[in-house]
Amino acid sequence: MPTLRTPLCDLLDIEVPILQAGMGLIAYADLAAAAANAGGLGCLGGIDMSVAEVDSNIRRFRELSDRPLALDLGFPQNAPSARADVVLPDPLPQPIRQLRAELEEMGIPVEDNVPDQAISRDDNLEKLDLALDQGVEVIVCGLGTPVEVVEKCHRRGATVMSIVGTSRAARKVIDNGTDVVIIQGTEGGGHSGEVGTLVLLAEVLDFATVPVVAAGGIATGAQVAGALVAGADGAWIGTRFIATAEAGCQQVYKEAVVDAGPNSTLRTPRFDGLHVRQLRNRFTDVWDGHEDEMQPYPVQRMITIPIRDAAAKNSVASHMNLAAGQAVGLINDLPSAGDIVRRLTEEAVAALWNSTKRIQFSD
Ligand SMILES: Cc1cc2nc3c(=O)[nH]c(=O)nc-3n(C[C@H](O)[C@H](O)[C@H](O)COP(=O)(O)O)c2cc1C
């Protein structure tokens, strides 16, 4: 395999600056180990996992790989301390009742037991302690980077990476002591801001005192090369890794990503009250004309999770929450995650060499 290294590779002890994003309900140990064993960074999507699942995934990763491991957790400012603290609207918004009725018509029961880990801050703090006890090398803060979390990680020898969607948030996480800023542009899947990846990258590079990683819309090696030339130290990639053999989601989800075109996504608070980029489907479209019934975070999350989970359990793609970024338009196959890391590396190196042949410049 060709060589592609940046200073970030030394910081994280990885071979190539390709970081597999921690994605809830997708990034389990098999995916993280496949990305890590191919030389990238493997990351568990810990936000939607229970404490026990985090434990078993760390253990499985250690069986499959001797590479460093990252764990993604969420500490949003307005997360409730526990699920029981959230008061749900009564009656539920009309679109929720409609989706439930549609699933029930298909013979799919919708159960109301939203798991604690999907929502509570205390749960995420418990997962953090567990991960640090088990020597997880990198903690990724997905939504907010409290200074206490950074200090605890540093005391225990872990590196902290923070995902941000605005330059203001980037300043804040740097002030709070993060080691690496991941800027996620609006193109990206999952929670995203309004500014595009290349613009946000340039904004943050202007003041950043720590390495900056680019995320959002990256699914080819030429894009990885472009991000590195633009000043990023690496690429944090989510959507491309959904369509892989090791991704822990349903086959219908993987196929939806392969089938989708660049205009198939929508950035909307319809899943959890925060802006999430996802594939447009019945789960999103049922809110058309009912936007005023949408609830703030975390209430919207609590009322949509039973539908998302019932649909996912039965592989009903129309009623699932299919988070994915605009890069879906670039994805046409379902290889292994290791092949993706190797392919992106080879393509990035080729793009860098070719650029010196194609573009004439001198100083
Ligand atoms: C299906 C999906 C689930 C995601 N879940 C999480 C998550 O649980 N925590 C998190 O910090 N980021 C999450 N993200 C965002 C990713 O970490 C990453 O920033 C994003 O995927 C990058 O953009 P891309 O999808 O265009 O590669 C998710 C993204 C996707 C596509």
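Scope of the values below: all heavy atoms of this structure, side chains included, with no hydrogens, waters or symmetry mates. Ligands are counted one by one from 1 in listed order, and the atoms in each one are counted from 1 as well. Residue numbers start at 1 and run along the sequence shown.
- Inter-residue side-chain proximity for L19 and L12 is flagged as met; some heavy-atom pair is nearer than 4.5 Å.
- For ligand 1, the polar-atom distance check against I26 finds no nitrogen or oxygen pair separated by under 3.5 Å.
- Atom 28 (C) of ligand 1 has as its closest protein heavy atom M23 CG, 3.7 Å.
- Considering only non-hydrogen protein atoms, atom 25 (O) of ligand 1 sits nearest to T239 OG1, 2.5 Å.
- Put simply, no part of G45 is less than 4.0 Å from ligand 1, judged by heavy atoms.
- One option in A27, G238, G142, G189 has a heavy atom closer to atom 14 (N) of ligand 1 than any other, and that option is G189.
- For ligand 1, the atoms sitting less than 4.0 Å from at least one non-hydrogen atom of G216 are 22 (C), 23 (O), 26 (O), numbered in the order shown with element in parentheses.
- The NE2 atom of H319 sits 4.0 Å away from atom CD of E102, with the distance rounded to the nearest 0.5 Å.
- Note that CZ of R308 and CG of D48 are 5.0 Å apart. Values are rounded to the nearest 0.5 Å.
- The residue F241 has no part lying near ligand 1, judged by heavy-atom distances below 4.0 Å.
- Taking any N or O of A324, backbone or side chain, none lies under 3.5 Å from an N or O belonging to ligand 1.
- For ligand 1, the atoms sitting less than 4.0 Å from at least one non-hydrogen atom of I47 are 8 (O), 9 (N), numbered in the order shown with element in parentheses.
- Smallest separation of non-hydrogen atoms from I47 and L73: CG1-C, 3.6 Å.
- What sits closest to atom 5 (N) of ligand 1 on the protein, heavy atoms only, is G24 N, 3.2 Å.
- A donor-acceptor contact under 3.5 angstrom links the side chains of H191 and D272, judged on distance only.
- Atom CD1 of I174 is separated from atom CZ of F207 by 5.5 Å, given to the nearest 0.5 angstrom.
- Against a heavy-atom cut-off of under 4.0 Å, I237 is close to the following atoms of ligand 1: 27 (O).
- No N or O atom of A21 sits closer than 3.5 Å to an N or O atom of ligand 1.
- In the displayed structure, K254 atom NZ is contacted under 6.0 Å by more than 12 heavy atoms of other residues, nucleotides or ligands.
- Defined by atom type and a distance below 3.5 Å, a donor-acceptor pair is present between the side-chain atoms of T265 and R277.
- If you look at I182 next to ligand 1, there are no close heavy atoms at all, none under 4.0 Å.
- Remark: ligand 1 and W236 share an N or O pair separated by less than 3.5 Å (distance only, no angle test).
- Counting heavy atoms under 4.0 Å from ligand 1, residue Q184 touches it through the side chain alone.
- Contacts between D72 and ligand 1 below 4.0 angstrom, taking non-hydrogen atoms only, involve the side chain exclusively.
- Distances between N or O atoms of Y253 and those of ligand 1 include no value under 3.5 Å.
- When each atom of ligand 1 is checked for a heavy atom of G217 under 4.0 Å away, the hits are 24 (P), 26 (O).
- A 6.0 Å sphere centred on CD of E104 holds more than 12 heavy atoms belonging to other residues, nucleotides or ligands.
- Of the listed residues (G22, G74, G190), the one carrying the non-hydrogen atom nearest atom 7 (C) of ligand 1 is G22.
- Here the straight-line distance linking atom CD1 of I307 with atom CG of L92 works out to 8.0 Å at 0.5 Å rounding.
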Does R155 form a salt bridge (charged side-chain N to carboxylate O under 4.0 Å, His left out) with E148? I'd like the steps, not just the answer.
CA-CA 10 Å; R155 273 199 305 278; E148 318 80 71; over 6 Å; no
side-chain hydrogen bond (donor to acceptor under 3.5 Å, both in side chains) between T197 and E187: does it pass, once the steps are laid out?
CA-CA 7 Å; T197 302; E187 300 94 317; 2.9 Å; yes
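- Considering only non-hydrogen protein atoms, atom 23 (O) of ligand 1 sits nearest to G188 CA, 3.3 Å.
- Near I163, with a cut-off below 4.0 Å to any heavy atom, the atoms of ligand 1 are 11 (O), 17 (O).
- Here the side chain of S192 pairs no donor or acceptor atom with the backbone of V276 at under 3.5 angstrom.
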